[in-house]
Amino acid sequence: MEPWELHGWFDDFLDACNRHDLEAVRDLLDAGVRRAHLPGGADAWIEDLADLFHGFPDWRWKSIQVVAEDDRIAAHVRGGGTHTGPWRGIAPTRRHVNVAEFLFLRLSGNQVVASTRSGDAEVLAQLTA
């Protein structure tokens, strides 16, 4: 894909995530997607998103900067929401969190085949502070 196409693809990906449309997100993932330091596969990715959306029903991301080249996308996004449901074993705190996140994706065709992202340490820190 050309860089402008990758930027458009990422916009569509972020839109599906922000709509909490897990089936649309799944369509953008290879079934065997590899995730650094996390369980692989589209099912594990979707389970993690479902858990996040259960704990933070209003969670949304905003794109800060996206760099695209060849088959790779590097993105700086801000994510945030209000913790009104259980998440990662933490009872609802009703705290609003706002975090910087970094995401690196490798695509094949129109699907993510490999991903590395910043972890959840900042979210956990804001919930337990």
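What you see is a predicted model, and the numbers here were worked out from it, not measured in a lab. Just so it is clear, the values below take in all heavy atoms, side chains as well, and ignore hydrogens, waters and symmetry mates.
The minimum heavy-atom distance linking L127 with R95 is given by the pair O-NH1, 2.9 Å. Minimum heavy-atom separation, H83 to P92: CE1-CA, 3.6 Å. Counting all heavy atoms, side chain and backbone alike, A100 lies closest to H76 at CB-NE2, 4.0 Å. Residues A44 and P39 share a closest heavy-atom pair of CB-O, 3.7 Å. Listed here is the closest heavy atom pair of T82 and D58: N-OD1, 2.7 Å. Between Q111 and L29, the shortest heavy-atom distance links the atoms NE2-O, 3.2 Å.
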Quiz item: Can you list the steps and then say if L103 with S115 is a side-chain contact (heavy atoms from CB on, under 4.5 Å)?
Solution: CA-CA 7 Å; L103 179 65; S115 169; 3.8 Å; yes

Quiz item: What's the verdict on salt bridge (Lys or Arg N to Asp or Glu O under 4.0 Å) for D70 and R106, showing C-alpha distance, side-chain angles and the deciding distance?
Solution: CA-CA 9 Å; D70 298 325; R106 187 168 59 83; over 6 Å; no

Self-check item: Chi angles and distances behind the side chain to side chain donor-acceptor pair (under 3.5 Å) call for R60, H20
Solution: CA-CA 9 Å; R60 298 287 181 274; H20 298 194; 2.9 Å; yes

Practice problem: Step by step, work out the side-chain contact (heavy atoms from CB on, under 4.5 Å) result for I73 and V66. | Solution: CA-CA 7 Å; I73 296 171; V66 177; 3.8 Å; yes

Exercise. Might you work through the side-chain contact (heavy atoms from CB on, under 4.5 Å) test for D21 and E23, ending with a clear yes or no?
Key: CA-CA 6 Å; D21 185 343; E23 287 310 308; 3.9 Å; yes

Quiz item: So I64 and R78, side-chain contact (heavy atoms from CB on, under 4.5 Å) or not? Walk me through it.
Solution: CA-CA 7 Å; I64 304 300; R78 289 213 61 95; 3.8 Å; yes

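Residues D51 and R88 meet the side-chain proximity criterion, which asks for heavy atoms closer than 4.5 Å. Residues R117 and E101 meet the side-chain proximity criterion, which asks for heavy atoms closer than 4.5 Å. Side-chain contact between F53 and P57 is absent, with no heavy-atom pair separated by less than 4.5 Å. In this structure, R72 and L105 have side chains that are not in contact, with every pair of non-hydrogen atoms separated by 4.5 Å or more. Using a 4.5 Å heavy-atom cutoff, the side chains of T116 and F102 are not in contact. Side-chain contact between V123 and W59 is present, with at least one heavy-atom pair separated by less than 4.5 Å. F10 places a side-chain heavy atom less than 4.5 Å from the side chain of V77. With contacts defined as side-chain heavy-atom distances shorter than 4.5 Å, the pair V25/L49 qualifies.
One distance of note links CG of L6 with CZ of F13; it measures 13.0 Å at 0.5 Å rounding.
Side-chain atoms of W9 come within 3.5 Å of backbone N or O of N110 as a donor-acceptor pair. Between the side chain of Q65 and the backbone N or O of A75 there is no donor-acceptor pair closer than 3.5 Å. Although no hydrogens or angles enter the test, the distance criterion places no donor-acceptor pair under 3.5 Å between the side chain of D30 and the main chain of V112. Using modelled atom types, one side-chain atom of E5 and one backbone atom of E2 make a donor-acceptor pair closer than 3.5 Å.
In the hydrophobic clustering of ILVMFWY residues, with side-chain heavy atoms under 4.5 Å counting as a link, V113 and F104 come out apart. Side-chain heavy atoms closer than 4.5 Å link hydrophobic residues (I, L, V, M, F, W, Y) into clusters, and following such links, possibly through other members, connects I90 to L52.
Taking the centre of each ring, W87 and F56 come in below the 6.0 Å mark.
The neighbour count for R19 CZ, taken as heavy atoms of other residues, nucleotides or ligands under 6.0 Å away, is above 12.
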